[in-house]
Every structure is written in structure tokens, then in C-alpha cells.
Amino acid sequence: MPALPLEEAGKYVAGAYVVFLVLIVVYVAIMAAKLQRIERELRELAGLAEQRNGQEESERERVTADV
Amino acid sequence: MYGKGLKTLSIVTTVAIGLAFALVFFYAPLDADQGFVQKIFYLHVPLSIVALVGFIAGGAFAVAHLRSGDRRWDAVSYVCIHLSVIFGVAVLITGSIWAKASWGHWWVWDEPTLVSFLIVFLLYATYYPFRYAIEDPERQARYASVFAITAGAFVPLNFLAVRLAQSLVHPRVFATTTGGLPGSMMLTFLACLAAVALLWVTLVKVELTAKSASGQLKRLRRALDAPVPRGASRVAPEVSL
């Protein structure tokens with residue numbers, strides 16, 4: 001097949017490079033969503049740990065007061 | 001652990017991709033035969049080389065897993081294969097676009113290079129259902145490693161078979177007696193290969209960092225005796241798959 005003229009070849013070349021970039025962007029977006037989920041879970045666990053810490057603290061104070 | 005040096009690697013990868021694409025469009029000469037369409041070569045071929053090497057790397061890490069019994073090697077093997085499958089999708093799409101532009105068809109079934117890559121891609125596409133069909137994490141990791149080693153050994157054999165097939169349609173530009181790429185094209189190609197390889201390594205590190213963080217979160221959740229969120233059944237000690 002003879003070489004395509006620049007304006008027609010340009011569409012194919014742009015298509016190939018855009019596909020590559022779109023795949024990378026989609027991948028990065030998926031990873032960003034995962035990172036958000038990890039951050040949310042971490043915040044939730046930090047809250048839980050703080051809550052437990054507070055409970056243990058008040059329990060200790062109560063025991064000291066009783067003694 | 002896996003995130004160490006990720007920022008630097010990401011910056012180097014971005015710069016490398018920018019430089020490589022600048023070489024493609026502003027330095028490499030137009031191909032006398034195919035013209036501007038040949039620019040797809042600088043993306044398509046590095047992607048396919050990196051994807052195939054990634055599959056072999058997945059097999060090598062699977063060997064390390066079976067030898068040591070350390071599940072972290074299985075996680076690395078999984079991520080290598082996962083990223084190579086994604087790169088494989090890009091190879092198939094960019095290859096089809098190039099085929100349409102230079103041969104007039106989106107796909108040519110009697111071309112060994114295309115069909116063999118499709119076979120390798122489909123083989124690795126079965127890795128996911130195969131892996132996640134096994135509930136027990138230990139058995140899952142072991143069977144997945146055996147798959148990764150067997151399929152990884154198939155990749156170079158497949159490559160050799162295709163080279164021996166000597167098709168007349170798919171051009172051979174490396175190490176042929178009829179002459180290879182001119183210097184400027186070879187330099188551009190090598191820059192693109194390095195950039196795509198760096199991108200693959202960066203994405204492997206990103207994926208491993210995310211999986212490691214997810215695994216550590218699960219450990220923390222167990223230590224705190226917190227309720228496990230839905231869809232978090234596949235638990236690994238260090239890295240969550």
C-alpha cells in the first residue's frame with residue numbers, strides 16, 4: 001500500500017497516541033479512587049483507635065477514683 | 001516499603017516520555033516507505049517489548065515465590081502480569097490502528113506476529129479467573145505462580161516460533177541482513193523503549209504501594225478488631241491482592 005497523505009496519516013497516529021494516553025489516564029484515575037478508599041478507611045480506623053483510647057482513659061480514671 | 005523513591009521515579013518517567021515523544025515528532029525522519037504513519041512504530045513496538053518482558057518478569061518473581069514461600073513475591077508477580085496485560089491492551093489497539101493505516105485492515109489473521117501476541121494476551125487474560133477461582137490464599141498464590149512460570153516460559157518460545165516463521169507482511173527491522181533502522185530512528189526507538197520501560201516500572205511500584213497500603217490497613221483493622229468492609233475477603237499478610 002502506498003504511504004498515506006499527511007492529513008490522513010495524522011489521524012491514525014493521533015489515534016494511537018491518544019489511546020495510549022487515555023489508558024494511562026484511566027489507570028491513574030482508578031489508582032486515585034483506590035487511594036481515596038484507603039484514606040477513608042484509615043481515617044475511620046484512626047477515629048476508632050482514638051475512641052478506644054478515650055474509653056480506656058476514662059476507665060482508668062474511674063478505677064483510680066474508686067481506689 | 002514499595003513507595004520509596006516513587007516521586008523521583010515518576011518525575012524521571014514523565015520527563016523521559018516527554019523527551020521520547022519530542023524525538024518521535026521533531027527529530028526522527030519520516031519513513032521513506034510508510035511516511036508519517038510509521039510514527040506509531042515508536043509507541044507500538046516498545047509497548048509490546050515491555051509487555052512481553054513484563055510477562056517473563058512475572059514468571060521470574062513467581063519462581064522466587066515458590067522457592068522462598070514469601071507471598072510478597074507472588075504479589076510482585078501478580079502486579080507484573082497485571083500491568084503487562086494493560087500494556088497488552090495498548091499493543092493490540094495501537095497495532096490495529098497501524099495495521100489499518102498501512103495494510104488497509106484492522107486485523108490480519110494470517111500474520112504470525114499479530115496472532116501470536118493475541119494468543120499470549122488471551123492466555124494471560126485467563127490468569128485472573130484462574131487465580132480468583134481459588135478461595136484459599138496459600139493455594140491461590142501457589143497455583144498462580146505455577147501459571148505465571150508456565151506462561152512466562154511460553155512467551156520466549158512463542159517469540160522464537162514467530163521469528164522462525166519469516167512472514168512477508170510484518171517488517172523485521174532489527175538484526176536483519178537487509179539493513180536495520182538508521183541511527184536517528186534507532187536512537188528515537190531506544191529513547192521510547194526506555195521511557196515505556198520506566199513507565200511500566202513506575203506503574204508497578206504505584207500498584208504495589210497501593211496494595212501494600214491496603215494490606216497494612218487490613219492488618220490494622222484486625223489488630224483493632226474493627227469490622228471488615230464488604231468485598232475485603234482476599235486477605236494477604238503483607239500485600240492485599
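In what follows, chains are A, B, ... by sequence order, proteins preceding strands, each numbered from 1.
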Listed by number, the residues in residues 16-25 of chain A that come under 4.5 Å of chain B (heavy atom to heavy atom) are Ala16(A), Tyr17(A), Val19(A), Phe20(A), Leu23(A), Ile24(A)
CG of Leu217(B) to CD of Glu39(A), rounded to nearest 0.5 Å, is 11.0 Å
The interface call for Leu47(B) against chain A, heavy-atom contacts under 4.5 Å, is side chain
d(Gln216(B) CD, Ile38(A) CD1) to nearest 0.5 Å is 10.5 Å
Greatest number of non-hydrogen atom pairs under 4.5 angstrom with chain A, of Leu203(B), Ile86(B), Thr94(B), falls to Leu203(B)
Rounded to the nearest 0.5 angstrom, the CD-NZ distance for Glu207(B) and Lys34(A) is 4.5 Å
The reported gap from OG in Ser214(B) to CZ in Arg37(A) (rounded to nearest 0.5 angstrom) is 4.5 Å
Smallest heavy-atom separation, Ile40(B) atom then Tyr12(A) atom, equals CD1-O, 3.9 Å
Ranking Glu8(A), Met31(A), Lys11(A) by heavy-atom pairs under 4.5 Å to chain B gives rank one to Met31(A)
Cut-off 4.5 Å, heavy atoms of chain A, and the answer for Ile93(B) is side chain
Side chain to side chain, Glu44(A) and Arg221(B), heavy atoms closer than 4.5 Å: yes
_Side chain to side chain, Leu42(A) and Leu220(B), heavy atoms closer than 4.5 Å_ = yes
Okay, Gln38(B) and chain A: the region with an atom under 4.5 Å from a heavy atom over there is neither
Less than 4.5 Å apart, any side-chain heavy atom of Tyr27(A) and any of Leu83(B)? yes
Sorted by chain and number, sequence neighbours left out, side chain to side chain contact (heavy atoms under 4.5 Å, CB included) with Leu123(B) holds for Phe147(B), Ala151(B), Phe154(B)
Scanning both residues in full, the closest heavy-atom pair of Leu224(B) with Leu45(A) reads CD1-O, 3.8 Å
Honestly, the part of Phe87(B) sitting under 4.5 Å from a heavy atom of chain A is neither
